[in-house]
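Each remark here refers to the structure printed beneath this line.
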Amino acid sequence: RCESEGAPPPSPLAAIMAQQLPIRFQEVANLVALGINQQYVTFNTLTMESDKYICVREEVNGQVQVVIIDLSNPQDIQRRPITADSAIMNPVSKVIALKAQNYLQIFNLEMKSKMKSVQMQEPVVFWKWVTPATVALVTGSAVYHWAMDGQSDPKKMFDRNPSLNDTQIINYKTSANEKWCVLIGIKSEPGTGRIVGAMQLFSVEKNVSQPIEGHAAAFAQFRTEGASTDSTLFTFASKGAAASKLHVTEVAPGQRPAGAPGFQKKAVDLVFPPEAANDFPVAMQVSAKHGVVYMVTKFGYCHVHDIETGSLIYSNRISGETIFVTTDHSATGGMLGVNRKGQVLSVALDENTVVPYIVNTHKNLQLALRLATRAGLPGAENLVSHQFEQFMAQGNYKEAAKIAANSPAGALRTQTTIQRFQQAPAVQGQPSPILTYFGCLLEKGKLNRLESVELAKPVLQQGKKEEDLLHKWLGEDKLDCSEELGDVVKPLDPNMALAIYLKANVPMKVIQCFMETGQFDKIPQYAAKVNFSADWGTVIENMVRVNPQGACELAQKLATNPNGPQVDFNQVTDIFMKYNCLQQATAFLLEALKGNKPEEGPLQTRLLEMNLMAGQPGVVGAIFDNDLFSHYDKARIAGLCEKAGLVQRALECYDEIADIKRCITRTDLLNPEWLPQYFGA
């Protein structure tokens with residue numbers, strides 16, 4: 001049984017943990033246990049701008065300190081002697097904003113430097129980081145946004161609506177694109193003592209405000225069915241004199257096809273137990289991960305609603321003390337809150353139990369199915385399969401495709417489902433069932449590996465226009481790049497296959513594509529980049545069989561790599577000669593040996609020897625004429641030159657007098673003009 005505010009606080013945590021419920025609830029930290037004086041665990045002295053840091057303004061022995069608690073390691077508490085009325089930590093970085101009366105400053109704690117400061121003309125009654133780069137400042141008359149970077153002063157966004165006069169400002173929020181803002185205040189109603197909520201919704205683009213009665217609000221990004229971009233939703237809770245409602249409305253629609261339904265406004269009753277009749281909403285967070293609204297009340301109750309339908313999923317008291325500040329909790333997709341006892345509490349859906357809970361407790365099969373498919377949660381597999389089979393039996397392939405495409409954890413996104421659509425009979429005047437299915441998958445997002453391959457096969461058979469669609473989907477990251485997909489694409493488009501292999505990180509196939517498309521210079525660079533050690537000898541041998549010149553160019557690049565030769569020169573030469581590619585072997589060695597190093601003498605000898613024995617005196621003559629080599633076996637080459645009738649070249653190499661005498665008598669093979677040069681040398 002829930003207790004009234006004045007009764008001894010119950011033990012909500014123990015009660016919740018004892019039940020199999022749709023939420024996970026735990027204490028992340030206890031600030032009092034960490035040494036924070038409970039006197040300063042209040043709305044005015046404690047701030048929590050994100051799930052990274054909590055900041056407390058505390059006085060110790062008359063000295064003002066700012067205490068920073070890192071929620072990733074709560075034991076790591078930093079105390080800094082800073083005189084300030086208020087301090088707020090940046091949501092993502094070690095940057096702190098400080099306020100001392102009307103003087104505001106932003107400091108980078110890591111750099112230990114002031115980033116900027118400003119002197120406001122009137123007191124700031126509320127402030128917070130609305131983005132990692134912007135601080136919102138609320139004064140008695142207006143709302144300003146102050147950019148962290150640059151030297152700009154705070155920019156006035158809008159004047160406060162008179163409906164917020166005499167209210168205590170408790171929150172201010174903006175939409176993800178900062179085009180919508182909401183200012184929230186509360187006050188006690190004269191005569192009744194009822195806490196009245198007043199909000200001001202402001203459109204930046206239209207420069208228009210709307211006063212709304214409400215206590216807590218939030219913005220959310222939500223993708224409606226058929227839309228290609230998110231809508232901006234505005235949700236708020238109000239407790240009026242006559243009724244209490246949770247409202248969800250679309251303030252900025254996403255892009256959707258003509259005629260597609262928009263988001264339907266929702267307004268559902270909020271139920272407060274009799275013993276908490278004076279309770280009212282104080283905070284609201286929306287889970288982007290699960291698409292649910294967490295609404296927290298003054299008396300410590302938490303109401304969890306589905307944002308799409310407004311339906312209540314669960315409500316219970318989670319704290320015997322008021323939770324006065326909340327934020328999103330990225331680790332769980334839920335929310336964090338701090339109560340007056342200093343407990344930092346985490347509330348989130350239990351992904352394993354929430355769908356069965358909705359089925360068994362609320363008997364709301366549609367809600368269970370929508371939540372499961374939208375958030376990929378387990379527990380609705382039988383419901384999904386049953387609905388899928390029904391639509392397939394009816395020949396309603398579009399709805400069946402939607403069910404399969406959105407099945408929780410991709411349970412129906414299998415080879416069997418693809419085969420079912422491939423084998424389904426076509427309906428006259430409608431796209432084929434398999435293309436209908438793939439269309440739903442592409443609309444939802446990225447295809448898995450199997451789906452990508454199966455989609456590519458029929459598309460490539462249709463011709464160039466459809467082939468361009470594959471380029472488009474690859475550019476949009478709609479396909480899972482894999483070796484299998486590359487293999488399917490390669491026969492028709494080697495360049496597209498290369499892009500797929502690169503993304504799939506299949507080095508050997510990448511190198512093959514580089515070779516086949518003539519991009520030899522990219523091969524060594526790519527191999528080095530991905531730290532791939534190829535068997536270059538095998539690669540070159542395979543290539544020689546189909547493209548000897550390409551193999552030569554690759555071998556030359558590998559031999560002259562800036563990081564050192566990547567191939568064995570003798571092995572490569574053997575490969576070329578094995579396939580009677582003397583021209584390529586010669587070109588390779590000429591490039592590889594251009595340094596004319598002493599240790600390369602045997603290879604110089606081999607190059608000259610190969611060409612002399614193959615009857616290619618022109619190559620040998622060119623080498624001699626250009627003085628390319630000087631470390632070859634001169635006696636060996638001289639003998640081969642003499643046998644080949646190149647007496648002049650033989651004389652250039654012989655050192656023994658007998659050899660010289662024998663050759664010099666072959667005047668018929670000597671150039672008379674050369675002889676004086678020879679004897680002069």
Side-chain angles (χ1 to χ4, degrees), residues 223-230 254-261 369-370 373-374 376 381 384-497 499-500 503-504:
R223 185 73 58 92
T224 59
E225 188 172 336
S228 58
T229 61
D230 291 342
Q255 293 181 359
R256 46 184 171 243
L369 188 61
R370 286 295 298 155
T373 55
R374 189 178 68 228
E381 291 78 8
V384 173
S385 296
H386 178 70
Q387 200 167 39
F388 174 75
E389 293 297 339
Q390 277 188 322
F391 285 130
M392 288 296 287
Q394 296 166 6
N396 190 344
Y397 301 124
K398 185 172 183 179
E399 291 302 318
K402 288 180 183 178
I403 293 294
N406 294 289
S407 57
L412 289 179
R413 294 177 63 168
T414 63
Q415 179 75 64
T416 301
T417 297
I418 292 174
Q419 291 172 348
R420 292 278 300 275
F421 281 106
Q422 287 172 334
Q423 296 164 4
V427 178
Q428 189 173 2
Q430 296 185 14
S432 68
I434 186 62
L435 289 182
T436 298
Y437 177 52
F438 282 131
C440 286
L441 292 174
L442 288 166
E443 187 177 288
K444 177 175 175 60
K446 187 172 184 175
L447 275 60
N448 62 34
R449 178 171 297 197
L450 172 66
E451 294 160 351
S452 300
V453 172
E454 292 300 327
L455 171 61
K457 290 176 181 177
V459 167
L460 288 170
Q461 293 172 359
Q462 300 302 312
K464 182 69 171 67
K465 184 176 180 182
E466 280 69 21
E467 191 177 317
D468 289 342
L469 282 174
L470 276 184
H471 279 287
K472 176 176 177 289
W473 294 329
L474 282 169
E476 295 172 347
D477 198 29
K478 292 281 190 178
L479 304 180
D480 187 330
C481 290
S482 64
E483 184 174 359
E484 296 86 349
L485 180 61
D487 292 346
V488 169
V489 170
K490 188 179 176 185
L492 291 174
D493 193 332
N495 285 312
M496 190 194 304
I500 293 169
K503 204 163 186 180

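Heavy atoms of other residues, nucleotides or ligands lying less than 6.0 angstrom from CD of Glu225 number 12 at most. Surrounding CD of Gln255 are at most 12 heavy atoms belonging to other residues, nucleotides or ligands under 6.0 Å away. Atom NZ of Lys444 is surrounded by more than 12 heavy atoms from other residues, nucleotides or ligands within 6.0 Å.
Here the closest heavy-atom approach between residue Gln461 and residue Lys457 is recorded as CG-O, 3.3 Å. When all heavy atoms of Ala456 and Leu485 are compared, the pair lying nearest together is CB-CD1, 3.6 Å. In this structure, Ala504 and Glu483 approach most closely via the heavy-atom pair CB-N, 4.2 Å. Contact detail for Glu451 and Phe438: the closest heavy-atom pair is O-CE2, 3.6 Å. Closest approach of Ala497 to Gly486, counting heavy atoms only: CB-O, 3.6 Å. Listed here is the closest heavy atom pair of Thr414 and Leu450: C-CD2, 3.9 Å.
How far OG of Ser407 is from CD of Gln387: 11.5 Å, rounded to the nearest 0.5 Å. We find the CD-CD1 distance between Gln419 and Ile434 to be 9.5 Å, quoted to the nearest 0.5 Å. Distance CD/Glu484 to CZ/Arg449: 5.5 Å, rounded to 0.5 Å. In this structure, the separation between NZ on Lys490 and CG on Asn495 is 11.5 Å, given to the nearest 0.5 Å. Taken from CG in Leu442 to CD in Glu476, the straight-line distance is 8.5 Å, to the nearest 0.5 Å. Between Leu455 atom CG and Leu447 atom CG the span is 6.0 Å, to the nearest 0.5 Å.
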### Full working for side-chain contact (heavy atoms from CB on, under 4.5 Å) between Glu454 and Gln422
CA-CA 10 Å; Glu454 292 300 327; Gln422 287 172 334; 3.4 Å; yes

#### Entry: Chi angles and distances behind the side-chain contact (heavy atoms from CB on, under 4.5 Å) call for Thr436, Gln430
CA-CA 9 Å; Thr436 298; Gln430 296 185 14; over 6 Å; no

#### Entry: Candidate pair His471 and Asp468, rule side-chain contact (heavy atoms from CB on, under 4.5 Å), full reasoning
CA-CA 5 Å; His471 279 287; Asp468 289 342; 4.3 Å; yes

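A 4.5 Å side-chain heavy-atom check between Val453 and Ser482 finds at least one atom pair inside the cut-off. Side chains of Lys503 and Asp477 form a contact here, defined as non-hydrogen atoms less than 4.5 Å apart. Residues Pro425 and Tyr397 meet the side-chain proximity criterion, which asks for heavy atoms closer than 4.5 Å.
The pair Asp480-Lys446 does not meet the salt-bridge criterion, since no charged nitrogen lies less than 4.0 angstrom from a carboxylate oxygen. A salt bridge is absent between Arg223 and Glu443; no separation between the charged side-chain nitrogens and carboxylate oxygens falls under 4.0 Å.
Classified by interplanar angle (parallel below 30°, tilted 30° to 60°, perpendicular above 60°), the ring pair Tyr437/Phe421 is parallel.
Between the side chain of Asp493 and the backbone N or O of Val489, no donor-acceptor pair lies under 3.5 Å.
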